[in-house]
Asks: 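Once you've had a glance at the structure underneath, I'll fire off some questions.
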Amino acid sequence: MIRPKVLKTFSFRLALWYVALFAVSATVVFGFIWWAAVTFMLGQTDDIIESEVWSLVEQYDERGLAALSMQISSRQRNEASRSNIYLLVDREMHYLAGNMRQWPPGIEPKGYPEWHTIPVTAADDPKPLQARVRVVTLMGKIHMLVGRELSDVMRARAIMAIAMATGICITVVMGLIWGNVMSVKLLRRLDEINDASREIMGGAMGKRIPLSGSGDEFDRLAANLNDMLDRIVELLATVRQVSDNIAHDLRSPLTRLRSRLELALLEPQDTVSQRQAMEEAIDQAESIIATFNALLTIARAESAAARDNFEELDLSVLVRDAVELYEPLAEDKNIALAVSALDGLMVWGNRHLLSQAVVNLLDNAVKYTPEAGAIRVGVCLEENGCASRKPAQPGALPGRGQEAATDKGAGGETANLAGNGAQGGNGGCIVLSVADTGPGIPEAERANVLKRFYRLDESRGTPGSGLGLSLVAAVARLHGAKLEFREQSPGLEILVAFPPASRVRSSETRPGDSVQ
């Protein structure tokens with residue numbers, strides 16, 4: 001019994017369409033086979049009658065009417081010819097010989113051979129039968145009718161028709177049964193998805209759609225939906241974390257701002273104290289505005305709209321501009337800042353966001369590198385991808401008093417990269433590296449520092465909001481880049497590996513999430 005719920009499913013309707021199409025096609029094919037078989041059998045019957053007629057005509061031409069009458073009488077007694085019909089009459093239509101007693105009404109001999117289909121009645125069966133007959137007129141106005149009853153042909157035709165109709169009916173029934181089975185199976189899978197969706201909508205965010213393990217399209221759909229749910233849960237957790245962190249991290253500067261303004265109102269009204277209070281209030285407001293600007297920049301980096309402003313950029317130019325900006329700050333702390341960047345390393349990205357990411361990396365490096373330390377910034381091409389890149393040794397960083405490598409004419413890494421060519425084909429990646437001799441980041445904390453507002457205990461005394469590396473991670477995700485931390489001993493090296501612009505544009509796809 002087919003359930004009403006199954007009848008409403010698309011799969012069952014699709015099965016009905018398929019069964020109807022197959023039934024129509026089978027009817028056309030079977031009808032053609034039936035017509036061809038019946039036509040073939042009738043053709044064989046006509047050939048037998050034609051052969052019989054000309055055999056008798058030959059007998060008449062050679063031996064005369066008496067011999068023809070005797071031949072007809074002999075053949076009608078033959079068991080093999082019991083389905084044959086013979087009738088020989090004279091010019092007045094009087095019976096001369098044959099197993100048919102009178103000339104059929106409605107047949108008027110015209111003097112030339114004619115084909116007719118007439119009803120006949122057998123001696124042992126009063127039921128009329130169809131017969132195929134050939135009428136010829138012999139010399140002397142003698143008329144002869146030779147035929148064959150078609151009971152065998154009609155029986156075969158009826159059997160074939162019944163067999164074909166039965167086959168079509170069985171096909172339709174089997175199609176309906178299979179459509180029901182298929183619909184029930186599909187409904188079971190869809191019910192699992194619907195049940196899981198209802199539980200998730202009810203608040204069970206940890207619920208996931210079960211997989212059958214077959215790897216079919218439903219498993220792929222369920223896997224994609226589960227990945228989407230994981231991403232949604234991750235974003236919700238991020239929103240909750242950001243909300244909590246905003247409330248926690250901005251409460252203190254807002255409280256200080258309010259307290260300072262209240263004290264300014266209570267203090268004597270002199271110009272110096274008021275100016276000092278306004279300056280402190282402006283500093284606190286700028287800190288709050290900077291935090292919100294960083295959040296807005298991260299939100300922009302995580303939105304697809306940022307891809308609208310993608311263009312082909314020389315990453316080395318962006319890096320040099322950022323290094324030039326931070327050189328005075330590095331000199332104030334007596335930090336050796338070296339840059340090694342090869343021209344022509346083009347990436348496909350958003351200029352503003354990439355610049356902000358590079359600035360954040362340099363800002364962290366300068367902020368946490370102690371005095372007389374060293375920072376090395378590099379842009380290079382890795383032909384075999386980022387996995388082949390080995391961590392830099394401590395000696396690779398220029399120490400105090402060493403001359404920083406320059407963009408052009410520098411030896412070492414830049415000279416080696418120049419031999420590979422700037423573009424280097426589509427198989428490698430363009431690596432931005434920022435290495436310093438600061439305290440570094442413990443391995444257990446490296447995943448946490450990418451979260452918004454997360455700060456290590458030892459860095460809470462330094463200015464900042466804990467959004468710098470979060471922005472770098474968001475920009476890397478947007479550009480399909482890989483973010484990696486490597487120990488320097490002392491210090492830390494941060495690498496961001498970008499796909500070359502030529503590879504991104506030739507594939508006509510946008511980079512996906514690949515930040516690790």
Side-chain angles (χ1 to χ4, degrees), residues 297 300-301 306-307 309-327 337-365 375-389 392 404-410 412-436 468-469 471-486 493-507 510-512 514-516:
T297 304
R300 182 185 176 194
R307 294 193 177 97
N309 296 323
F310 271 30
E311 57 182 314
E312 196 166 343
L313 304 169
D314 190 335
L315 186 60
S316 299
V317 174
L318 297 179
V319 169
R320 290 195 204 99
D321 292 342
V323 169
E324 185 178 349
L325 179 66
Y326 275 86
E327 278 178 348
L337 178 58
V339 58
S340 175
L342 183 66
D343 288 327
L345 296 179
M346 310 302 290
V347 296
W348 183 252
N350 185 296
R351 181 183 297 273
H352 172 72
L353 294 177
L354 285 176
S355 299
Q356 187 65 51
V358 175
V359 165
N360 283 13
L361 290 175
L362 286 173
D363 185 74
N364 279 350
I375 299 174
R376 175 175 56 79
V377 182
V379 180
C380 66
L381 178 69
E382 292 287 353
E383 287 288 353
N384 297 323
C386 306
S388 64
R389 184 177 175 85
T406 58
D407 302 324
K408 300 177 183 179
E413 183 179 2
T414 304
N416 292 333
L417 286 171
N420 293 332
Q423 292 301 330
N426 293 338
C429 59
I430 298 171
V431 179
L432 164 66
S433 62
V434 178
D436 60 58
L469 289 178
L471 174 61
V472 174
V475 172
R477 269 196 300 268
L478 179 69
H479 292 81
K482 179 180 179 182
L483 179 62
E484 186 176 353
F485 296 96
R486 290 189 178 174
E493 183 180 24
I494 300 179
L495 302 100
V496 187
F498 296 90
S502 56
R503 188 171 73 204
V504 176
R505 300 190 68 180
S506 63
S507 63
R510 297 297 187 190
S514 59
V515 176
Q516 297 181 355

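All values below come from the heavy atoms of this structure, side chains included, with hydrogens, waters and symmetry mates left out. Each residue takes its place number in the sequence, starting with 1.
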Asks: With rounding to the nearest 0.5 angstrom, report the CG to CG distance, Leu325 to Asp363.
Replies: 9.5 Å
Asks: Would the number of heavy atoms belonging to other residues, nucleotides or ligands and lying under 6.0 Å from CD of Glu311 be above 12?
Replies: yes
Asks: Between Gly480 and Pro499, what is the shortest heavy-atom contact and its length?
Replies: O-CD, 3.6 Å
Asks: Looking at CG of Leu318 and CG of Leu354, how far apart are the two atoms once the value is rounded to the nearest 0.5 Å?
Replies: 6.5 Å
Asks: How long is the span from the CD1 atom in Ile375 to the CG atom in Asn364, to the nearest 0.5 Å?
Replies: 10.0 Å
Asks: Would Asp343 and Arg320 satisfy salt bridge (Lys or Arg N to Asp or Glu O under 4.0 Å), going step by step from the backbone distance to the final call?
Replies: CA-CA 10 Å; Asp343 288 327; Arg320 290 195 204 99; 2.3 Å; yes
Asks: Is the side chain of Ser316 donor-acceptor paired with the backbone N or O of Leu342 at a distance under 3.5 Å, no angle test?
Replies: yes
Asks: Kindly give the heavy-atom pair with the smallest separation between Phe498 and Ala481, and that separation in Å.
Replies: CD2-CB, 3.7 Å
Asks: Where do Val359 and Ala322 come nearest, in terms of heavy atoms and distance?
Replies: CG2-CB, 4.2 Å
Asks: I'd like to check Leu471 versus Gln356 (side-chain heavy atoms, cut-off strictly below 4.5 Å). Are they in contact?
Replies: yes
Asks: Considering non-hydrogen atoms only, spot the tightest contact between Leu362 and Val323 and give its length.
Replies: CD1-N, 3.7 Å
Asks: Classify the ring geometry between Trp348 and Phe310 as parallel (under 30°), tilted (30 to 60°) or perpendicular (over 60°).
Replies: perpendicular
Asks: Would you say the side chain of Leu495 lies within less than 4.5 Å of the side chain of Val434, judging by non-hydrogen atoms?
Replies: no
Asks: How many angstroms lie between atom NE2 of His479 and atom CD1 of Ile430, to the nearest 0.5 angstrom?
Replies: 12.0 Å
Asks: Report yes if the side chains of Ser433 and Arg376 come closer than 4.5 Å at any heavy-atom pair, otherwise no.
Replies: yes
Asks: Using 0.5 Å steps for rounding, measure from the CG atom of Leu313 to the CE atom of Met346.
Replies: 6.5 Å
Asks: Strictly distance-based, threshold 3.5 Å: is any side-chain N or O of Asp314 a donor or acceptor partner for the main-chain N or O of Gly344?
Replies: yes
Asks: In Å and rounded to the nearest 0.5 Å, what is the CZ to CD1 distance from Arg486 to Ile494?
Replies: 12.5 Å
